Amino acid sequence: MDELLKILKGNALESAENIGKMLGLSTDEVRTRIAEYEKNGVIRGYQAIVNEDVLKMDRVTAVIEVRVSPEREGGFNRIADRISKFDEVQSVYLMSGDFDLLLFVVGRDLKEVAFFVSEKLATIEGVHGTATHFMLKTYKHHGVFMETPDAYERLKVTP
Amino acid sequence: MHMNDSKLRPNLLAQQLQAVPRSGIRDFFEIVSTMQDVISLGIGEPDFDAPWHIREASVFALERGATSYTSNLGLLSLRQDIARYLQDTMGLSYAPDTEILISVGVSEALDLAIRAICNPGDEIMYHEPCYVSYGPLIQFAHGVPVPVPTSMENEFRLTREALEARVTPRTKALLLNYPNNPTGAALGPEEAKDLADFVLAHDLILITDEIYAELTYDQSHVSVAAFPGMHERTIFLHGFSKAWAMTGFRLGYACAPPELTDAMMKIHQYTMLCAPILSQEAAREALRRVDEDVEVMKSEYRKRRNFLLNSFAEIGLPCFMPRGAFYAFPCIEKTGLTAKEFAFGLLEQEKVACVPGTAFGPSGEGFVRCAYATSLDAIKEAIQRMARFIGG
Ligand SMILES: Cc1ncc(COP(=O)(O)O)c(C=O)c1O
């Protein structure tokens, strides 16, 4: 992967000036390249990684395994697109193994998610099975720990 | 009895030990350690923790009951892994059963190498600035340290002329460290060949401390040990502290032809017995996934190096572009301060710690060592404070 993308994936707020110093590019060159990535769709957006567990929000997240029958033309894409359109669906992945699609779905409470599964999801033509698991706690998300472990103290000067 | 009371008994301490000056940076360490909120560019170790799979291998070994001695030379399986690694990455051939000794860090391996070859009065040459232990270890072994100064103008190169000017009939060995702590100098193929030629021409032993071998940024590492005729006269030293971020595991190794390995072994078996088994198990795991682990850290260091060097240029501190290791060695002469004054002033006024260049020998005067194995955020903040210190 391009070093520029690696830097932004680690810290999307890094300034173009600092990125330029790290990569030996001018600030303008960095801006132009970021703009290109945005334009050609490699960069899809910028988000903060929030530890929602500490916010005490009235919200649950469910991980749902979905079994679907692929269609003659288009395979899983049409159904996956259709499912992706629901606002409560955060992520959709096509998987190998016992099921086909893996969804991350949010709702206010268990009942709301259950309603979504039985009324919206299971009734889509081609969906013929779901298994819902509720998430209890997040330890690590997108490579980031949700709690900072106490760093082991190091010496401040060594030869 | 307290050490300072030695006045009372003049013969209390060994002479060769009294000849070694008190470490120039000890006072500095002591002040830093009492201060809060210091940003440190003074650390000679990675800010990364050792990769988790390496730590996990050590935990697993402990659970299995790995709490015993190993053979004096170290675990044979580890020596075999090292032999394969050196062959693949540097083209060096060492026999695992007779030519590799696992030590407690390169620190111990340096001591073994020097004691194995040094007779009283033998001269050992090395470049300066250099790692802090070289001169003292030679003195402990009753040898004569012969530092050869290098300069920023000359890209901290050890030139043939400078070496020829200091070689004498008593010269026993040349001790090298590339990539270099503290300057960041690294060898290209031609420089390495020149050094090998010099060693051969004067029939010297080469001790080569290549602890930063994996950390080169613009060219791949060349070992002087790999040139024709060098194997039989070289003690090659390497370890896991730097590229794998394993300083606390205390694990290194020395490779040399059987006669030299036997000699080092004589000392090691009575002074150390063997390196810690848990660290040896961790090292076996470290050699299993070198590319992933080391590349991740190295690409991070490269960005930090570029950032730091560009920032030095902006705040007007001339600095040699380091080619390896993780240190930058900016020249602070234009501030009118000595290296020590600069380091102490920066610490007191701005709470940034870096190491005065004189810690690495008199030719380090006018320089300070800034480690970029420190988080980018810390480097950014340190640069702002340095700019303020220089400006006001
Ligand atoms: C050039 C050099 N050699 C040897 C060492 C000691 O390393 P170890 O941790 O393997 O004893 C260091 C550590 O800073 C070093 O910079």
Side-chain angles (χ1 to χ4, degrees), chain A residues 1-38 42-43 46-51 54 137-159, chain B residues 23-26 28-47 49 107 130-133 181-182 241 247-248 296 299-300 302-314 343 347 351-356 359-360 369 371 373-374 376-377 379-380 383:
Chain A
M1 198 192 296
D2 180 2
E3 289 294 325
L4 173 61
L5 288 175
K6 281 194 208 160
I7 294 172
L8 289 175
K9 270 175 69 79
N11 177 10
L13 293 179
E14 190 59 272
S15 71
E17 190 191 347
N18 284 345
I19 295 174
K21 281 191 204 161
M22 283 182 251
L23 300 181
L25 300 170
S26 73
T27 308
D28 280 345
E29 278 171 311
V30 173
R31 291 214 178 94
T32 310
R33 285 178 51 186
I34 293 176
E36 269 165 30
Y37 279 129
E38 289 170 350
V42 170
I43 293 179
Y46 304 89
Q47 295 182 330
I49 296 166
V50 174
N51 183 0
V54 300
K137 178 170 177 174
T138 307
Y139 293 92
K140 193 179 181 185
H141 184 66
H142 287 218
V144 177
F145 288 96
M146 289 297 112
E147 281 171 23
T148 311
D150 287 343
Y152 205 84
E153 201 181 334
R154 292 166 179 252
L155 297 174
K156 292 202 186 78
V157 181
T158 66
Chain B
S23 158
I25 43 177
R26 277 259 301 278
F28 195 65
F29 288 0
E30 271 153 32
I31 296 177
V32 175
S33 63
T34 61
M35 288 175 73
Q36 296 292 310
D37 306 322
V38 172
I39 295 187
S40 183
L41 303 181
I43 315 179
E45 70 177 348
D47 68 325
D49 291 329
S107 300
C130 71
Y131 184 56
V132 292
S133 77
N181 174 9
S241 285
T247 49
V296 168
S299 100
E300 208 39 52
R302 184 187 283 111
K303 283 178 257 183
R304 296 175 189 180
R305 172 195 73 157
N306 294 349
F307 182 86
L308 189 61
L309 265 282
N310 280 313
S311 303
F312 283 149
E314 263 179 21
L347 182 64
K351 292 194 170 183
V352 174
C354 56
V355 182
F360 309 98
R369 190 196 71 178
T374 307
L376 193 61
D377 286 338
I379 294 175
K380 285 179 197 164
I383 281 290

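Treat the numbers as computed from the prediction; the structure is a model and nothing was measured. Every chain is numbered from 1 and lettered A, B, ... according to where its sequence line falls, protein lines coming before strand lines.
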* Asked: So which part of B:R369 gets closer than 4.5 Å to some heavy atom of chain A, the side chain, the backbone, both or neither?
  -> side chain

* What residues, two or more places apart in sequence or in another chain, satisfy side-chain hydrogen bond (donor to acceptor under 3.5 Å, both in side chains) together with B:R302? -> none

* Given A:K21 and B:N306, is the side chain to side chain contact (heavy atoms under 4.5 Å, CB included) satisfied, shown in steps? -> CA-CA 6 Å; A:K21 281 191 204 161; B:N306 294 349; over 6 Å; no

* Hey, could you give me the CD1/CZ distance between A:I19 and B:F307, rounded to the nearest 0.5 Å? => 11.0 Å

* To do: Check the surroundings of atom CD in A:Q47: do more than 12 heavy atoms from other residues, nucleotides or ligands lie under 6.0 Å from it?
  => no

* Winner by heavy-atom pair count (cut-off under 4.5 Å) against chain A, out of B:D47, B:L309, B:V355 -> B:D47

* Does atom NZ of A:K6 have more than 12 heavy-atom neighbours, drawn from other residues, nucleotides or ligands, at distances under 6.0 Å? -> yes

* Quick one: CD1 on A:I7 to OG on B:S299, what's the gap to the nearest 0.5 Å? -> 8.5 Å

* Heavy atoms from other residues, nucleotides or ligands near OH of A:Y139 exceed 12 (cutoff 6.0 Å) -> no

* Asked: Which bit of B:L376 is near chain A, if near means a heavy-atom gap under 4.5 Å: side chain, backbone, both or neither?
  -> side chain

* **Interface moiety of B:E314 toward chain A, non-hydrogen atoms closer than 4.5 Å** => side chain

* To do: Answer yes or no: does atom CD of A:E147 have more than 12 heavy-atom neighbours from other residues, nucleotides or ligands under 6.0 Å?
  => no

